[in-house]
Structures are given as C-alpha cells and as structure tokens.
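First the structure, in the form of structure tokens, and then the observations on it.
The shown structure was predicted, so the numbers you read here are calculated from the model rather than taken from an experiment.
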Amino acid sequence: MDRTKIEDNANGGLIEKLSSKKRLILTIVASLFVGVANGLFGGGGGMLVIPIFSILCGLEEKIAHSSAILTILPLSLVSGIIYAYNGNFQTPQGYFVGAGVILGGLIGTFLMKKFSNNLLRIIFYTLMIIAGVTMLASKL
C-alpha cells in the first residue's frame, strides 16, 4: 500500500494508528460490504470503494478513483450479466442509459486529469452528500 499521501487524508490520524494487520482486516471487511452493496443495489460500489482506497490504503485521490473504476468494473459486469439473465434489464432504456454512462465516463476521465487531488476530493464528497440528501428527501 502506498502511504505517500495518507497524512493528507482527513481521518484525524485514527487509521494511521492501526497496525498493518488491523488495517488489512478492516480493508477486507469494508470491501466485502462494498461487494454486497453493489450486488444488492445493482451498482454504487465504486463510490463506496473510493474511501477504502484513499483512507484505508492511503492512495492519493486520483489513483483512488482510477483504482475504484478498475476494481468495480468486473463486479459490475458479473452483476449485470446475472441481472440480464434473470430478466431484470429494460431495453431500450438500458442501452440509452448505458451509452450515456460510457460517454460520461470518458469525459470524466479526461476532466479528472485537469483537477487537483483536493478539488477532486471536494467534488466527490460534495456529490456524495447531495446524492444522500436528495435520496432521503425524496423518500420522506
């Protein structure tokens, strides 16, 4: 694990105080939770795995985001195949949304190169908060 930027993380130093064995166990447990959440909700695992990479593994923000995409891609493909096999895929809506997600992903990848790690962190956590508040508000 690359710890070059771990001191930049806003976790109050609690994670750094853990032994490497405890950090590994915490990383495995958190990763299992991400897999369950991704399978249960059909996505979102990438958003959950970014804090694992940045906080627990100490990766800088851009590397954490890139690693999250590469990590969650196979899981998303497997989950998608299982959902489609069970008849839980709507066409043509699924294709339209999929095309938009692919195009947006390409645009986002190029934009990420232009952002600093701090700006990327601020944007990511702001979007997470907005998404959470919006989802809660729509259900209340």
Side-chain angles (χ1 to χ4, degrees):
M1 287 187 271
D2 179 13
R3 295 200 190 358
T4 58
K5 294 289 182 178
I6 200 161
E7 58 275 350
D8 285 345
N9 293 327
N11 57 28
L14 296 174
I15 298 300
E16 292 90 356
K17 293 178 184 174
L18 292 176
S19 68
S20 59
K21 184 177 180 180
K22 287 181 181 177
R23 188 186 305 233
L24 177 62
I25 291 169
L26 187 57
T27 300
I28 291 169
V29 170
S31 300
L32 288 171
F33 171 77
V34 168
V36 170
N38 196 71
L40 184 62
F41 302 125
M47 299 292 272
L48 298 172
V49 83
I50 290 169
I52 293 172
F53 279 129
S54 63
I55 296 170
L56 292 176
C57 298
L59 300 180
E60 66 179 48
E61 212 66 29
K62 288 181 182 182
I63 294 174
H65 285 263
S66 302
S67 298
I69 291 168
L70 191 57
T71 300
I72 215 68
L73 179 64
L75 177 59
S76 295
L77 287 173
V78 169
S79 296
I81 291 167
I82 293 170
Y83 280 124
Y85 179 77
N86 289 323
N88 296 318
F89 182 78
Q90 292 293 314
T91 55
Q93 299 93 336
Y95 294 124
F96 292 135
V97 171
V101 168
I102 291 169
L103 181 60
L106 291 171
I107 293 168
T109 300
F110 291 111
L111 285 175
M112 185 174 71
K113 292 178 187 178
K114 304 203 179 285
F115 294 159
S116 69
N117 283 317
N118 285 336
L119 179 59
L120 190 60
R121 185 180 299 130
I122 290 168
I123 292 170
F124 173 71
Y125 288 113
T126 301
L127 287 174
M128 291 286 289
I129 291 168
I130 291 170
V133 168
T134 303
M135 290 176 72
L136 283 174
S138 72
K139 300 298 178 194
L140 297 177

Write down the atom of [X], the atom of [Y], and the distance for their closest heavy-atom approach.
X: Leu48; Y: Ala37; value: CD1-CB, 3.7 Å
X: Ile72; Y: Gly46; value: CG1-N, 3.5 Å
X: Arg23; Y: Leu18; value: NH2-O, 4.1 Å
X: Phe124; Y: Ile50; value: CE1-CD1, 3.6 Å
X: Glu61; Y: Ser54; value: OE1-CB, 4.1 Å

Hydrophobic cluster membership, Ile55 vs Phe33, 4.5 Å side-chain cutoff: yes

- request: Flag yes if Ile69 and Met128 sit in one hydrophobic cluster, no otherwise; membership is Ile, Leu, Val, Met, Phe, Trp, Tyr, and two members link when side-chain heavy atoms are under 4.5 Å apart.
  value: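 No, Ile69 does not connect to Met128 through the hydrophobic network.
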
Rounded to the nearest 0.5 angstrom, the CG-CG distance for Leu56 and Leu26 is 4.5 Å

Calculate, to the nearest 0.5 Å, the distance between atoms CG and CD1 belonging to Asn117 and Ile122 respectively.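 So the CG of Asn117 and the CD1 of Ile122 are separated by 11.0 Å.
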
For [X], the rest of its hydrophobic cluster, which grows through side-chain links under 4.5 angstrom:
X: Ile107; value: Leu103, Leu111, Met112, Phe115, Leu119, Leu120, Ile123, Leu127
X: Ile129; value: Val133
X: Ile81; value: none
X: Ile82; value: Val78

Partner set under ring-ring contact (aromatic ring centres under 6.0 Å, His included) for Tyr125, not counting sequence neighbours: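 Scan of Tyr125 (ring-ring contact (aromatic ring centres under 6.0 Å, His included), adjacent residues dropped) gives none.
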
Item checked: Test log, rule side chain to side chain contact (heavy atoms under 4.5 Å, CB included), inputs Leu70 and Ser66 -> CA-CA 6 Å; Leu70 191 57; Ser66 302; over 6 Å; no

The side chain to side chain contact (heavy atoms under 4.5 Å, CB included) partners of Ser67 (sequence neighbours excluded) come to Phe53, Leu59, Ile63

Using a cut-off of 6.0 Å, state whether more than 12 heavy atoms not belonging to Phe89 lie near its atom CZ. yes

Next on the checklist: I'd like to know whether Arg121 forms a side chain to side chain contact (heavy atoms under 4.5 Å, CB included) with Asn118, so could you lay out the CA-CA distance, the side-chain angles of the two residues, the decisive distance to 0.1 Å, and finally the verdict.
Outcome noted: CA-CA 5 Å; Arg121 185 180 299 130; Asn118 285 336; 2.9 Å; yes

